[in-house]
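Pasting a structure here, questions to come.
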Amino acid sequence: MNFVAALNDAAAKNLQTLEEQIRGAIAEDSFIYEACAPLIRGGKRLRPMLFLLCANAKEILPHERTMPLATALELIHTASLVHDDIIDTSKKRRGVETANSKYGAQIAVLVGDYLFAKAFQLVAENDYGAEVSTVLSKLVKNLCVGEIMQDRSLFVVPTMSEYYTRINLKTAIFLSSCCRLGAIVSAMNERDVENLTAYGSGLGLAFQIIDDLLDFFGDEKITGKPHGGDLKSGVITLPVIRALATSDDASELKELVTRGKVTTADIDTAIKIIHATDAVDYCRTRAEAHIESARINLPLTLKTSVSLALEQIADFVVDRTR
Ligand code: FPP
Ligand code: MG
């Protein structure tokens, strides 16, 4: 299922404008445009769309009020991916060559910094106020802490609680902040702000668990990145954690994932071992439970069309293939 198919007409129209704004934001500098356009083209736009849906959930706000922040959210996300690919020395993202592979890490760091700075320029120039800046700053700080936590424990098996802390910092807080910002910009009451934040949080946890599954079992042509990338860079995720707790071959798997060097053959072995356990079902069941909690938190006071789109996004997150 395509994420955009989950959107109703009004949201799909927003998406068109958003695309133009994102292109406009990177077009100021020709090298930045050349470096970012292919990567930006492949994104799902989940973060800005969550923001836009929540911002327009009671009444439709003018584009001038919503588009700069929606664009900034996508730019922050893209900046974090550019930096993430440097850290992981990834060669492919969204089906295209990464900036670090194409231009080297030195230039790629600066491309990420540029996108990040552009995002904050958009926010500063559009008078969103201190509360919005605080939510944005905190989400970026959490993103960094999550990434640092991950990179300080490569090739180490995390406990379930460490895994959850990491995916919360890396993904759930970002998605919940997008919803929260939408609620803040449209001046919702505190209860609706908190409920939409909780919706985004459940959605984010499920999103990352499915992402971690797709890293092993996704179709490379659809995900746009090679299999086993997490294992190769030493990031141990839920499918492995579950298989280690239940597999007859747990000791072989443990040796393989903690050795410090993972070959393509090792990835195939790991996939076989994981596949022979209930890890895939286990991850899906957990993701579905977070989606259920997201759904329960959706405020009843939203426009029907927006509630429907947010419900459909929840379905998309567990059914997605990329
Ligand atoms: C992708 O997830 C990466 C992230 C969610 C966050 C990366 C964050 C940073 C590098 C720090 C923040 C930097 C800036 C400029 C805001 P993943 O590695 O789980 O997924 P993948 O398989 O798509 O790489
Ligand atoms: Mg990564």
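Atoms within a ligand are numbered from 1 in the order they appear, just like the ligands themselves. Reckoned from all heavy atoms, side chains included, excluding hydrogens, waters and symmetry mates.
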Check: What part of Glu147, side chain from CB on, backbone N/CA/C/O, both or neither, has a heavy atom under 4.0 Å from ligand 1?
Finding: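 It is the side chain that touches ligand 1; the backbone stays farther off.
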
Checklist line | Step-by-step side-chain contact (heavy atoms from CB on, under 4.5 Å) determination, Val240 to Lys254 | finding: CA-CA 9 Å; Val240 174; Lys254 176 140 193 220; over 6 Å; no

Next item on the list: Please say whether Gln208 places an N or O atom under 3.5 Å from an N or O atom belonging to ligand 1.
Entry: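 Between Gln208 and ligand 1, an N or O pair is found under 3.5 Å apart.
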
Note to self: Quick check for you: to the nearest 0.5 Å, what is the distance between Ile173 atom CD1 and Lys138 atom NZ?
What the structure shows: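 Reported value, rounded in 0.5 Å steps: 10.0 Å.
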
Check: Does Lys58 NZ have over 12 foreign heavy atoms under 6.0 Å away?
Finding: yes

Next item on the list: Please report the C-alpha distance between Leu298 and Leu196 in whole Å, then the side-chain angles of each, then the deciding distance to 0.1 Å, and finally whether the side-chain contact (heavy atoms from CB on, under 4.5 Å) criterion is met.
Entry: CA-CA 6 Å; Leu298 270 179; Leu196 276 174; 4.1 Å; yes

Check: With atoms numbered from 1 as shown, which atoms in ligand 1 lie under 4.0 angstrom from a non-hydrogen atom of Arg93?
Finding: 21 (P), 23 (O), 24 (O)

Notebook entry, point to check: Does any N/O atom on Asp215 come nearer than 3.5 Å to any N/O atom on ligand 1?
Noted result: no

Note to self: Under the side-chain hydrogen bond (donor to acceptor under 3.5 Å, both in side chains) test against Arg93, which residue among Asp85, Asp88, Thr78, Thr98 passes?
What the structure shows: Asp85

Notebook entry, point to check: So do Leu203 and Leu310 actually touch side chain to side chain, heavy atoms under 4.5 Å?
Noted result: no

Check: Just which atoms of ligand 1 are under 4.0 Å from any heavy atom in His83?
Finding: 10 (C), 15 (C)

Notebook entry, point to check: If you measure from each heavy atom of Gly112 to ligand 1, is any distance below 4.0 Å?
Noted result: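 No.
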
Margin query: Considering Leu143, Asp211, Val235 one by one, which has a heavy atom nearer to atom 20 (O) of ligand 1 than any of the others?
Written below: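 Of the listed residues, Asp211 has the closest heavy atom.
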
Check: For Gln150 and ligand 1, does the shortest N/O to N/O distance drop below 3.5 Å?
Finding: no

Next item on the list: Number the atoms of ligand 1 from 1 as they appear, then name those within less than 4.0 Å of a heavy atom of Lys170, with their elements.
Entry: 2 (O), 5 (C), 17 (P), 18 (O), 19 (O)

Check: For the side-chain hydrogen bond (donor to acceptor under 3.5 Å, both in side chains) test, which of Thr263, Thr269, Thr264 pairs with Asp266?
Finding: Thr263

